[in-house]
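None of these values were measured; they are calculated from a predicted model. Atom set for the values below is all heavy atoms of this structure, side chains included, hydrogens, waters and symmetry mates excluded. Residue indices begin at 1 and follow the sequence shown.
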Amino acid sequence: MSFSAEVKEELARNVSPARHCEIAELSAIIQFCGQIFRDEKGHWHVKIQTENHYVAKKCFTLWKKTFTIYSSVCVRCHMRAKKVLTYILQTSSDSEARQILETLKLPVTESQNEMGVCVSPLLLKNSCCKRAYLRGVYLAAGSMSDPDKSYHLEFVCQREEQAHQLVSVLAAFELEAKIVLRKKYYVVYFKEGEGIVEILGIMEAHVALMELENTRILKEMRNSINRRVNCETANIAKTVSAATKQTEDIIYIRDHYGFGNLPANLAQMAQIRLANPDATLKELGELADPPIGKSGVNHRLRKLGELADKLRS
């Protein structure tokens, strides 16, 4: 099971004890994956169609708990992809549909059978209702990448107005989401681990939040260790390269100029470096007589390098 599916499973088990929160969550689900229509007898129906059984399970629970509606669930199998199932929940009577629509502030007339594009602001007055709304939106239109690979959480909206309402609700929790147009859909997304952790906390997906936090800690530790190893490797390579260049310069001076023509301090350092090609600057300074610091060793080796370059030219 993917991490995104685990989040939906946890959210599906989270049923709010407050009826107004249940209504807000159900309203979000119906807006994102539901439809209303009239049959041949002119009766209204509310229909929810989803390929996620967690969404179907949550809707069934909310209909039963909030409206005392016991809807049947129809399961269909795709002809081409037999492993893909579609779950369909539908009200059985006109009175049930009208009860749901009126409660969700979506009244319909005889001449109009389209739902409002956005959830009624009256259902999102309280902070707890906003949290329930976000749970419903994630169940119906949300997804998340595997945190071991990358940090990405998104909500796919069919209408631009839905995307802006979602961004507004997230802003109420001081979260700044971005919107991008992908084909014909408006995608509200986050690409930072910290923001995704906050969203999971707001939706009350605490188990998923802890799992994500553990993953983040491990990744940060791994990245820190890798940076340190890379830095040490680079320093070692730099030290080896510098020592090799110093040794080559000193050998060139010995063969083309002679140590006898060097000042005593440079001649001493040249002999110490040739005898200890792998030693650090600190170790070279300790071998000098009298001992000198790293800056002194570096100064003498630089003088030898300049002399070698002058001799070559």
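Linking ILVMFWY side-chain heavy atoms closer than 4.5 Å, directly or via other members, places Met144 and Phe173 in a single hydrophobic cluster. Residues Val207 and Leu11 fall into different hydrophobic clusters, defined by Ile, Leu, Val, Met, Phe, Trp and Tyr side chains chained together at heavy-atom separations under 4.5 Å. Residue Phe60 is grouped with residue Leu62 when hydrophobic side chains (ILVMFWY) are merged at heavy-atom distances under 4.5 angstrom, including chains of intermediate members. Under the 4.5 Å side-chain heavy-atom criterion for ILVMFWY residues, no single connected hydrophobic cluster contains both Ile88 and Ile36. In the hydrophobic clustering of ILVMFWY residues, with side-chain heavy atoms under 4.5 Å counting as a link, Phe67 and Leu123 come out together.
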Mind running side-chain contact (heavy atoms from CB on, under 4.5 Å) on Val137 and Val188 for me, showing each step along the way?
CA-CA 11 Å; Val137 176; Val188 179; over 6 Å; no

Is there a side-chain hydrogen bond (donor to acceptor under 3.5 Å, both in side chains) between Ser93 and Ser95? Walk through the geometry before answering.
CA-CA 5 Å; Ser93 67; Ser95 60; 3.1 Å; yes

Please walk me through it: do Arg182 and Tyr189 pass side-chain contact (heavy atoms from CB on, under 4.5 Å)?
CA-CA 12 Å; Arg182 184 189 300 162; Tyr189 69 95; over 6 Å; no

Stepwise side-chain contact (heavy atoms from CB on, under 4.5 Å) check, Asp148 with Phe3
CA-CA 10 Å; Asp148 285 327; Phe3 186 78; over 6 Å; no

Set out, in order, the CA-CA distance, both residues' side-chain angles and the distance that settles side-chain contact (heavy atoms from CB on, under 4.5 Å) for Leu266 and Leu307, then state yes or no.
CA-CA 11 Å; Leu266 295 184; Leu307 176 59; 5.8 Å; no

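Put simply, the side chain of Arg300 never gets that close to the backbone of Ala267: no donor and acceptor are under 3.5 Å apart. When atom types are taken as modelled, the side chain of Lys8 and the backbone of Gly142 share a donor-acceptor pair closer than 3.5 angstrom. The backbone N or O of Thr91 lies less than 3.5 Å from a partner atom in the side chain of His45, making a donor-acceptor pair. With hydrogens and angles ignored, the 3.5 Å screen pairs a side-chain donor or acceptor of Thr215 with a backbone N or O of Glu211. Looking at Glu96, its side chain never comes within 3.5 Å of a backbone N or O of Ile69 through a donor-acceptor pair. The backbone N or O of Leu124 lies less than 3.5 Å from a partner atom in the side chain of Lys130, making a donor-acceptor pair. Between the side chain of Thr66 and the main chain of Ile23, no donor-acceptor pair closer than 3.5 Å is present. Without hydrogens or angle criteria, His43 side chain to Asp39 main chain gives no donor-acceptor distance under 3.5 Å. For Glu198 (side chain) and Leu175 (main-chain N/O), no donor-acceptor pair under 3.5 Å exists by modelled atom type. At least one donor-acceptor pair closer than 3.5 Å links the side chain of Thr61 to the backbone N or O of Lys57.
Among residues two or more places apart in sequence or in another chain, the side chain to side chain contact (heavy atoms under 4.5 Å, CB included) test is passed with Thr239 by none. For Arg216, the side chain to side chain contact (heavy atoms under 4.5 Å, CB included) partners two or more places apart in sequence, or in a different chain, are Tyr151, Glu194, Val197, Leu212, Glu213, Glu220.
Crowding of Arg312 atom CZ: a count of heavy atoms from other residues, nucleotides or ligands under 6.0 Å exceeding 12. Heavy atoms of other residues, nucleotides or ligands lying less than 6.0 angstrom from NZ of Lys219 number more than 12. In Lys47, the NZ atom is crowded: over 12 heavy atoms of neighbouring residues, nucleotides or ligands sit closer than 6.0 Å. Atom CD of Glu192 is surrounded by 12 or fewer heavy atoms from other residues, nucleotides or ligands within 6.0 Å. Taking a 6.0 Å sphere around OH of Tyr185, one finds it holds 12 or fewer heavy atoms contributed by other residues, nucleotides or ligands. For Lys245, the NZ atom sits in a packed shell: over 12 heavy atoms of surrounding residues, nucleotides or ligands are nearer than 6.0 Å.
A cation-pi arrangement is absent between Arg159 and Phe32 under the rule of less than 6.0 angstrom and at most 45 degrees off the ring axis.
Distance check, rounded to the nearest 0.5 Å: CD of Glu22 to OG of Ser27 gives 13.5 Å. If you take CG on Asp289 and CG on Asn265, they are separated by 12.5 Å, rounding to the nearest 0.5 Å. Atom SG of Cys33 is separated from atom CG of Asn52 by 9.0 Å, given to the nearest 0.5 angstrom. Once rounded to the nearest 0.5 Å, the distance linking CG of Leu209 with CG of Asn214 reads 9.5 Å. The distance from atom NZ of Lys105 to atom CG of Leu122, rounded to the nearest 0.5 Å, is 6.0 Å. Rounded to the nearest 0.5 angstrom, Glu204 CD and Ser16 OG are separated by 7.5 Å.
Residues Leu134 and Ile199 fail the side-chain proximity criterion, which asks for heavy atoms closer than 4.5 Å. In this structure, the side chains of His53 and Leu85 stay at 4.5 Å or more apart for every pair of heavy atoms. Taking 4.5 Å as the limit, every side-chain heavy atom of Cys157 sits out of range of all side-chain heavy atoms of Gln165. Two residues are said to be in side-chain contact when any heavy atoms from C-beta on lie closer than 4.5 Å; Ile272 and Val297 fail this criterion. Counting heavy atoms from C-beta outward, Asp94 and Lys41 have side chains that stay 4.5 Å or more apart. In this structure, Val167 and Tyr186 have side chains that are not in contact, with every pair of non-hydrogen atoms separated by 4.5 Å or more. When side chains are defined from C-beta on, Tyr87 does not count as touching Ile48, because their heavy atoms never get closer than 4.5 Å. Counting heavy atoms from C-beta on, the side chains of Lys310 and Tyr257 never come closer than 4.5 Å.
Through direct or relayed side-chain contacts under 4.5 Å between Ile, Leu, Val, Met, Phe, Trp and Tyr, Ile225 connects to Val229.
Across all non-hydrogen atoms, the minimal contact from His20 to Cys129 is ND1-SG, 3.1 Å. What you find for Lys58 and Val15 is that their closest heavy atoms are CE-CG2, 4.1 Å. Of all heavy-atom pairs spanning Leu26 and Cys59, the tightest one is CD1-SG, 4.4 Å. Minimum interatomic distance between Leu181 and Lys184 (heavy atoms only, all atoms of both residues): CD1-C, 4.4 Å. Heavy atoms only, all atoms of each residue included: Thr86 and Gln49 are closest at CG2-CG, 3.4 Å. Here the closest non-hydrogen pair linking Val7 and Ala205 is CG1-CB, 4.4 Å.
Note on ring orientation: taking the six-membered ring where Trp is involved, the planes of Tyr138 and Phe155 are perpendicular (angle over 60°, cut-offs 30° and 60°).
Under the 4.0 Å criterion applied to side-chain N and carboxylate O atoms, Asp249 and Arg302 are not assigned as salt-bridge partners. Comment: Glu9 engages Arg13 in a salt bridge, judged by a side-chain N to carboxylate O separation of less than 4.0 angstrom.
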